[in-house]
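Note sheet for the following structure.
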Amino acid sequence: MNETKQAMKSAFTLTIPIMCGYLFLGAGFGVLLAKSGYPFYWATFSAMTVYSGSMQYVEVDLLRGAFDLLTAVIMTVAVNVRHVFYGLSLIDKYKDLGAYKLYCIFGLTDETYSLMCMKTPEYIRNKNKFYFFITLFDHLYWITGCTLGAVIGQYIDFNAKGIDFVMTALFFVIFIEQWESTKVHIPALIGVFGSLLCLVLFRIFVQGGSQFFLIPAMAIVFLSLTLGKKPIERRLSR
Amino acid sequence: MTQNIWQSIVTILVIAVVTLFLRGFPFLLFSGSRPVPKFITYMGKVLPFAIIGILIVYCLKDVNVTGGSYGLPELISLTAVLILHKLKHNILISVGVGTLLYMLLVQLVFVY
């Protein structure tokens with residue numbers, strides 16, 4: 001098998017859970033946009049250019065309102081600023097991507113990022129192509145899901161309640177894999193308990209607080225990792 | 001449609017450009033031949049572990065633990081995922097069975 005084929009095949013197997021998730025979550029968006037009076041190709045267009053799940057749901061709200069670019073910018077920053085942290089941890093992994101780099105950065109969704117967080121299998125001969133195909137396949141699933149939702153979503157009655165759990169399960173599996181890959185569990189624990197603490201505080205003290213806890217959670221976790229740099233690094237080098 | 005075609009196109013493109021900018025910002029900051037600062041190398045090592053933890057909590061953010069289903073569908077399904085993954089170490093099986101189980105639970109057992 002040549003290296004391109006190998007990269008393609010491995011990337012496809014790895015992205016199957018995301019295919020399930022994206023087809024349905026994308027379809028949800030497609031239905032919503034179609035209901036707002038937009039022909040189906042608008043869903044395709046959004047999926048191709050924006051390619052951000054949570055933001056496209058907000059986009060439907062924005063399109064329903066008056067034309068207001070400042071609000072669009074502010075909302076996008078609020079919803080997607082977490083992505084800054086993703087890039088920060090991929091500087092090294094993405095440094096030799098060459099022609100694929102811009103596209104892989106463009107396609108850095110939560111789910112694609114979570115796959116990038118896994119250790120790249122040793123047998124992959126061309127890692128750059130592997131990263132590229134993961135990004136490309138995920139994007140294609142999303143475009144397909146959004147488009148199908150807008151075209152046929154309204155006519156199909158299928159109880160997909162709970163399908164979004166596929167992402168939770170995927171993140172959890174990656175968490176388990178990561179846990180087994182290292183003896184240093186402090187960063188993982190900081191992530192879980194830092195955000196849990198933030199979530200509990202926001203749910204108690206802020207009306208509808210669970211909507212807003214993510215960015216403070218990222219900040220707290222980032223700060224904790226910064227303060228714990230010395231002891232964590234000492235354990236990492238053992 | 002409240003906005004006309006051009007307004008809609010511009011709105012979507014603005015969202016797309018801002019999203020791309022946020023995703024690319026760190027790469028803009030640390031591009032070129034300058035060596036990557038040690039602090040960033042360190043973050044590159046530890047952040048992926050922490051962020052996956054955050055994303056799990058984020059997925060579960062609206063689970064009702066004080067009423068309703070008391071978070072039982074989530075607890076049962078995630079336990080199943082953990083056991084399956086420890087036994088088989090196959091991502092597709094763990095995620096697939098876990099999700100199916102969850103869908104069955106919320107559609108048939110914990111119906112509110």
Side-chain angles (χ1 to χ4, degrees), chain A residues 16-17 37-38 46 49-50 52 55 59 62-65 67 69 72-73 76-77 80-81 83-85 87-89 91-92 105-106 108 110 114 117 159 161-163 165-176 178 187-188 190-192 195-196 199 210 214 217-218 221 225 229 232-233, chain B residues 1-4 7-16 18-20 22-27 30 36 39-62 73-74 77-78 81-82 85-86 91-92 94-96 98-99 102-107:
Chain A
I16 290 174
Y38 285 87
S46 291
T49 55
V50 176
S52 164
M55 195 52 218
E59 174 199 312
L62 291 169
L63 288 173
R64 278 181 183 157
F67 182 61
L69 290 183
V73 171
T76 312
V77 172
N80 279 340
V81 72
H83 288 138
V84 171
F85 293 97
L88 213 51
S89 61
I91 303 275
D92 200 46
I105 292 171
F106 158 79
L108 203 54
D110 296 329
S114 71
C117 285
N159 192 353
K161 190 179 176 208
I163 187 81
F165 192 77
V166 72
M167 298 307 182
T168 318
L170 177 67
F171 293 148
F172 188 53
V173 166
I174 294 171
F175 187 84
I176 299 169
Q178 284 184 332
I190 286 179
V192 172
S195 51
L196 213 52
L199 175 62
S210 67
L214 187 62
M218 292 257 175
V221 168
L225 289 171
K229 183 168 178 282
I232 293 173
E233 271 187 328
Chain B
M1 283 174 77
T2 324
Q3 301 185 12
N4 68 36
Q7 290 173 331
S8 303
I9 291 179
V10 171
T11 302
I12 293 172
L13 286 181
V14 162
I15 296 171
V18 175
T19 302
L20 176 62
L22 292 169
R23 286 176 180 164
F25 182 66
F27 297 94
F30 303 104
V36 178
F39 177 70
I40 298 303
T41 315
Y42 162 73
M43 278 299 164
K45 267 189 236 156
V46 293
L47 261 184
F49 294 95
I51 290 179
I52 295 294
I54 298 177
L55 286 176
I56 294 174
V57 174
Y58 181 73
C59 285
L60 301 171
K61 69 180 191 305
D62 293 316
E74 287 79 10
S77 309
L78 286 179
V81 171
L82 178 65
H85 204 67
K86 282 288 179 190
I91 298 180
L92 290 182
S94 312
V95 174
T99 307
Y102 181 79
M103 289 177 76
L104 288 175
L105 288 174
V106 294
Q107 288 185 22

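Each chain gets a letter, A, B and so on, in the order its sequence line appears, and its residues count up from 1.
- Nearest heavy-atom pair, A:S52 versus B:R23, reported as atom, atom and distance to 0.1 Å: CB-NH2, 3.6 Å.
- The parts of B:V46 that come within reach of chain A are both its backbone and its side chain, each placing non-hydrogen atoms under 4.5 angstrom from that chain.
- Residues forming a side-chain contact (heavy atoms from CB on, under 4.5 Å) with A:F106 (at least two apart in sequence, or on another chain): A:Y51, A:Y103, A:H139, B:L20.
- No other option in B:I40, B:I54, B:T19, B:L47 has as many heavy-atom pairs under 4.5 Å with chain A as B:I54.
- Taking each heavy atom of B:V95 and A:P17 in turn, the nearest pair found is CG1-CB, 3.9 Å.
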Item checked: Evaluation steps, side-chain contact (heavy atoms from CB on, under 4.5 Å), between B:V57 and A:F171 -> CA-CA 10 Å; B:V57 174; A:F171 293 148; over 6 Å; no

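- No donor-acceptor distance shorter than 3.5 angstrom exists from the side chain of B:Q107 to the backbone of A:G162, with no hydrogens or angles considered.
- Heavy-atom pairs under 4.5 Å with chain B peak, among A:V84, A:V73, A:L196, A:I190, at A:V84.
- The CE atom of B:M43 sits 9.0 Å away from atom CZ of A:F85, with the distance rounded to the nearest 0.5 Å.
- Side-chain contact between B:T11 and A:E59: absent, with no pair of heavy atoms (C-beta onward) separated by less than 4.5 Å.
- A:F67 has its side chain within reach of B:V10: a pair of non-hydrogen atoms, C-beta onward, lies under 4.5 Å apart.
- The part of A:I176 that comes within reach of chain B is its side chain, from C-beta onward, which places non-hydrogen atoms under 4.5 angstrom from that chain.
- Using a 4.5 Å heavy-atom threshold, the side chains of A:T168 and B:L60 count as touching.
- To the nearest 0.5 Å, the span separating NZ on B:K45 from CG on A:L225 amounts to 13.0 Å.
- Using a 4.5 Å cut-off between heavy atoms, B:I51 touches chain A through its side chain atoms alone.
- Taking each heavy atom of A:I232 and B:Y42 in turn, the nearest pair found is CD1-OH, 3.4 Å.
- Not counting sequence neighbours, the partners of B:V106 by the side-chain contact (heavy atoms from CB on, under 4.5 Å) test are A:K161, B:P73, B:Y102.
- Proximity to chain A involves both the backbone and the side chain of B:I9, based on heavy atoms less than 4.5 angstrom apart.
- With values rounded to the nearest 0.5 angstrom, B:I91 atom CD1 is found 7.5 Å from A:L170 atom CG.
- The CZ atom of B:F27 sits 9.0 Å away from the CG atom of A:L88 when rounded to the nearest 0.5 Å.
- Atoms CG and CG, on A:N80 and B:L22 in that order, are 6.0 Å from each other to the nearest 0.5 Å.
- Proximity to chain A involves both the backbone and the side chain of B:Y58, based on heavy atoms less than 4.5 angstrom apart.
- At a threshold of 4.5 Å between non-hydrogen side-chain atoms, the residues B:T41 and A:D92 do not count as touching.
- Interface check for chain B: of the options A:L62, A:I16, A:L199, A:L108, the most heavy-atom pairs under 4.5 Å are formed by A:L108.
- Of the listed residues (A:G87, A:S114, A:A169), the greatest number of heavy-atom pairs within a distance under 4.5 Å of chain B belongs to A:G87.
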Check: Would B:L55 and A:F175 count as a side-chain contact (heavy atoms from CB on, under 4.5 Å) if you check the C-alpha gap in whole Å, the side-chain angles of each, and the deciding distance to 0.1 Å?
Finding: CA-CA 10 Å; B:L55 286 176; A:F175 187 84; over 6 Å; no

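- A:C117 approaches B:P48 most closely through the heavy-atom pair SG-CB, 3.5 Å.
- Contact record, B:A50 with A:V221: CB-CG1, 3.6 Å, taken as the closest heavy-atom pair.
- Heavy-atom distances place no part of B:L105 under 4.5 Å from chain A, backbone and side chain included.
- A:A72 and B:I15 get closest at one heavy-atom pair: CB-CG1, 4.4 Å.
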